[in-house]
Enquirer: 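Got a structure for you, written out below as structure tokens; questions coming shortly.
Because the structure is predicted, anything quoted here is derived from the model rather than measured.
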Amino acid sequence: MEPILAEPTTGFPVPDDVPDQRRRWVVLSCTAVSSAINCFMWMSYSGTPDTSKVVLGSPSEPISDEDLDWTYSASLSAVCVLMMPAAYLIEWHNYGIMLSSVCLNMAAAWLRYASVACASYGLAILSAILLGGATAVIMPAFAHLPAVWFPPHERAFATALSVQSWYAGWALGALIIPLVVSDAASMKDTMLAQAAVTSLSLPLFLGLYVAEPPATTTAPKLSSTSSPQPAEHLHAASDTKSHLAASVGDSLYAISRNGQFWVHALSYGLLAGVSFTIPAITANSLSAKADCMQPALPYVADQTMWLNFGFITSGVVGGVLLGSLSTEPQEPLIIRLSAGLCAATLTILFVVTRPPLLRAIGDGPLLLAILVVLLSGAGASSLGFFSLGLRSAARVGEPVSHVYTAGLTEMLSQLLAVSLTQSSVCPVGFKACALSSIVVAVALVSAARFPRHGQPLARVDSAAAPTPAPH
């Protein structure tokens with residue numbers, strides 16, 4: 001048998017003939033369910049804002065738009081605060097931190113039910129914080145699980161499934177919650193059903209999740225000057241791991257010196273921010289009450305739920321297809337082409353939704369068909385590319401661990417999404433998204449012309465490196 005070489009990006013060898021190798025898909029499915037539930041719950045309040053404001057306040061004194069925004073912003077704040085500690089724990093205490101994300105999901109779901117049953121805004125905010133804590137664990141795990149469990153030729157597809165399962169939960173939340181929630185009673189019933197389904201993820205996790213393949217040990221992390229190690233060296237240890245690890249401080253310092261990483265991370269984060277912003281502004285931008293749309297679009301405005309569902313679903317399907325069909329040498333080109341396609345479709349969308357063309361096309365099936373095509377293309381090229389973007393950020397960020405580079409990229413996407421959503425109010429919503437995607441396309445094409453100048457990590461002797469706790 002040929003020696004198994006550690007992949008430089010991740011440092012985790014997973015040979016094709018490891019016993020119980022089929023279990024990797026079971027473990028991936030287990031985490032995918034938790035991810036989908038997590039993102040579904042992000043839509044619990046924002047999916048029906050008018051009803052949520054009344055339920056969390058009172059019919060005579062509903063909470064304000066700003067208060068409702070905090071049911072999202074509190075989650076985001078928790079993600080930003082907790083993501084780097086979670087990224088560290090994912091490597092060193094994997095089973096415990098992944099179990100905590102499942103428990104936080106479950107606690108958040110029941111607090112959401114309690115917030116509606118008791119009309120308590122405070123419980124809604126507490127639920128949002130716990131939900132953000134679960135998300136802070138899930139996001140760095142997108143890159144970690146495929147690196148530990150999957151051989152190199154399957155990692156792109158596994159990463160795509162890991163990322164897109166989270167977005168699939170978003171798509172289902174964007175569709176189901178507006179369909180079933182119309183008043184306080186239906187929201188209470190929906191929250192109860194959501195909490196019951198979420199509770200099932202705990203026995204699923206306890207029964208199926210395994211932190212790493214039982215027949216392998218984690219390979220040493222590689223410095224920028226070290227060479228891959230043969231399999232017989234990597235499998236020498238039995239119950240303990242042999243790590244050449246850098247401290248969190250050294251890793252973050254190395255990232256801070258890697259200009260190429262920040263170009264890529266900010267670009268991927270901004271394009272992901274665009275993908276989060278589009279569903280948030282479409283309803284308002286196409287509303288018959290919107291000042292920016294003349295003439296008014298009552299027919300198309302009634303279809304925005306389906307437009308958003310199509311946008312997100314095209315991203316999920318596109319992401320899975322890109323992950324299954326692309327190879328590592330093709331990924332940089334595919335990412336640049338995705339950014340260019342997103343820029344083109346959003347620019348056309350902005351032009352089409354200007355008053356002169358709107359009057360010419362009219363508010364009817366033709367305009368709806370045009371919007372479906374443009375938003376589907378934008379979804380596939382913005383949401384769909386992100387799993388490849390995480391892998392690319394990990395490679396550009398070498399030799400820093402992928403959990404830190406992926407975590408930082410995800411955190412930037414959340415921060416940029418909030419900034420873009422707040423600044424993309426009508427009438428400049430589609431214009432701001434189009435300009436942002438153009439900036440990303442130009443930045444990625446420009447970055448490809450220059451070599452990376454990263455800050456190498458010093459190798460740490462394995463005897464001096466901390467030993468991870470048993471999973």
Side-chain angles (χ1 to χ4, degrees), residues 1 4-36 86-102 137-166 201 204-222 228-229 231 234-235 237-243 245 319-320 323-324 326-328 387-388 390-391 393-395 401-407 410 468-471:
M1 185 180 70
I4 305 300
L5 301 182
E7 183 182 295
T9 300
T10 61
F12 293 105
V14 182
D16 290 318
D17 59 347
V18 168
D20 201 25
Q21 192 73 169
R22 293 179 182 176
R23 190 176 181 90
R24 64 183 182 265
W25 296 108
V26 176
V27 173
L28 180 63
S29 299
C30 177
T31 57
V33 168
S34 183
S35 296
Y88 174 82
L89 292 172
I90 282 173
E91 282 203 303
W92 297 96
H93 303 279
N94 184 273
Y95 189 89
I97 193 67
M98 294 302 293
L99 176 60
S100 74
S101 71
V102 175
V137 177
I138 289 170
M139 285 184 168
F142 287 154
H144 178 81
L145 187 147
V148 172
W149 275 93
F150 288 82
H153 67 277
E154 291 182 347
R155 284 177 187 157
F157 183 49
T159 303
L161 289 177
S162 183
V163 172
Q164 298 305 330
S165 64
W166 197 69
S201 63
L204 181 71
F205 179 92
L206 294 174
L208 299 178
Y209 186 79
V210 179
E212 64 180 23
T216 64
T217 57
T218 302
K221 298 285 168 49
L222 302 178
Q229 303 297 314
L234 297 178
H235 294 278
S238 55
D239 296 328
T240 60
K241 298 178 180 179
S242 175
H243 275 272
V320 172
S324 63
S326 63
T327 60
E328 185 173 315
S387 57
L388 298 183
L390 286 180
R391 284 173 53 81
R395 284 195 296 273
S401 171
H402 55 276
V403 293
Y404 298 120
T405 52
E410 286 278 9
H471 296 311

Enquirer: With Leu161, which of Thr31, Val320, Leu145 fulfils side-chain contact (heavy atoms from CB on, under 4.5 Å)?
Expert: Val320
Enquirer: A side-chain contact here means heavy atoms from C-beta on lying under 4.5 Å apart; do Arg24 and Pro151 qualify?
Expert: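 Yes, at least one pair of side-chain atoms sits under 4.5 Å.
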Enquirer: If you measure from OH on Tyr209 to SG on Cys30, what distance do you get to the nearest 0.5 Å?
Expert: 8.0 Å
Enquirer: Are any non-hydrogen side-chain atoms of Met139 and Phe142 less than 4.5 angstrom apart?
Expert: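 Contact flag for Met139/Phe142 side chains = yes.
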Enquirer: Which residues pass the ring pair (Phe, Tyr, Trp, His ring centres under 6.0 Å) test with Phe157, not counting sequence neighbours?
Expert: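 For Phe157 there are no ring pair (Phe, Tyr, Trp, His ring centres under 6.0 Å) partners, ignoring immediate neighbours.
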Enquirer: Applying side chain to side chain contact (heavy atoms under 4.5 Å, CB included), run through Phe150 and Leu28 and close with a yes or a no.
Expert: CA-CA 10 Å; Phe150 288 82; Leu28 180 63; 3.9 Å; yes
Enquirer: What's the shortest heavy-atom distance between Ala141 and Ile90, and which atoms?
Expert: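 Nearest pair, atom of Ala141 first, then Ile90: N-CD1, 3.7 Å.
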Enquirer: Main chain of Ile97, side chain of Ser100: is a donor-acceptor contact present, judged purely on distance under 3.5 Å?
Expert: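 Side chain of Ser100 to backbone of Ile97, a donor-acceptor pair under 3.5 Å: yes, one is there.
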Enquirer: For the atom pair NE2 (His144) and CE (Met98), what is the distance rounded to the nearest 0.5 Å?
Expert: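 Between His144 NE2 and Met98 CE, I get 8.5 Å after rounding to 0.5 Å.
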Enquirer: So do Asn94 and Leu89 actually touch side chain to side chain, heavy atoms under 4.5 Å?
Expert: no
Enquirer: Examine distances only and state if a side-chain atom of Ser165 and a backbone atom of Ser162 form a donor-acceptor pair shorter than 3.5 Å.
Expert: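 Such a contact is found between Ser165 side chain and Ser162 backbone.
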Enquirer: Given the rule in the side chain to side chain contact (heavy atoms under 4.5 Å, CB included) test, do Trp25 and Glu154 qualify, once you have shown the distances and angles that lead to the verdict?
Expert: CA-CA 11 Å; Trp25 296 108; Glu154 291 182 347; 4.0 Å; yes
Enquirer: Between Trp149 and Val210, does the side chain to side chain contact (heavy atoms under 4.5 Å, CB included) criterion hold? Intermediate values first, please.
Expert: CA-CA 10 Å; Trp149 275 93; Val210 179; 3.8 Å; yes
Enquirer: List the atom of Leu208, the atom of Arg23, and the distance in Å for their closest heavy-atom pair.
Expert: O-NH2, 3.1 Å
Enquirer: Rounded to the nearest 0.5 Å, how far does CD1 of Ile138 lie from CH2 of Trp166?
Expert: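 It is 8.5 Å, given to the nearest 0.5 Å.
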Enquirer: Are the side chain of Thr159 and the backbone of Arg155 linked by a donor-acceptor contact shorter than 3.5 Å?
Expert: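 Side chain of Thr159 to backbone of Arg155: a pair is present.
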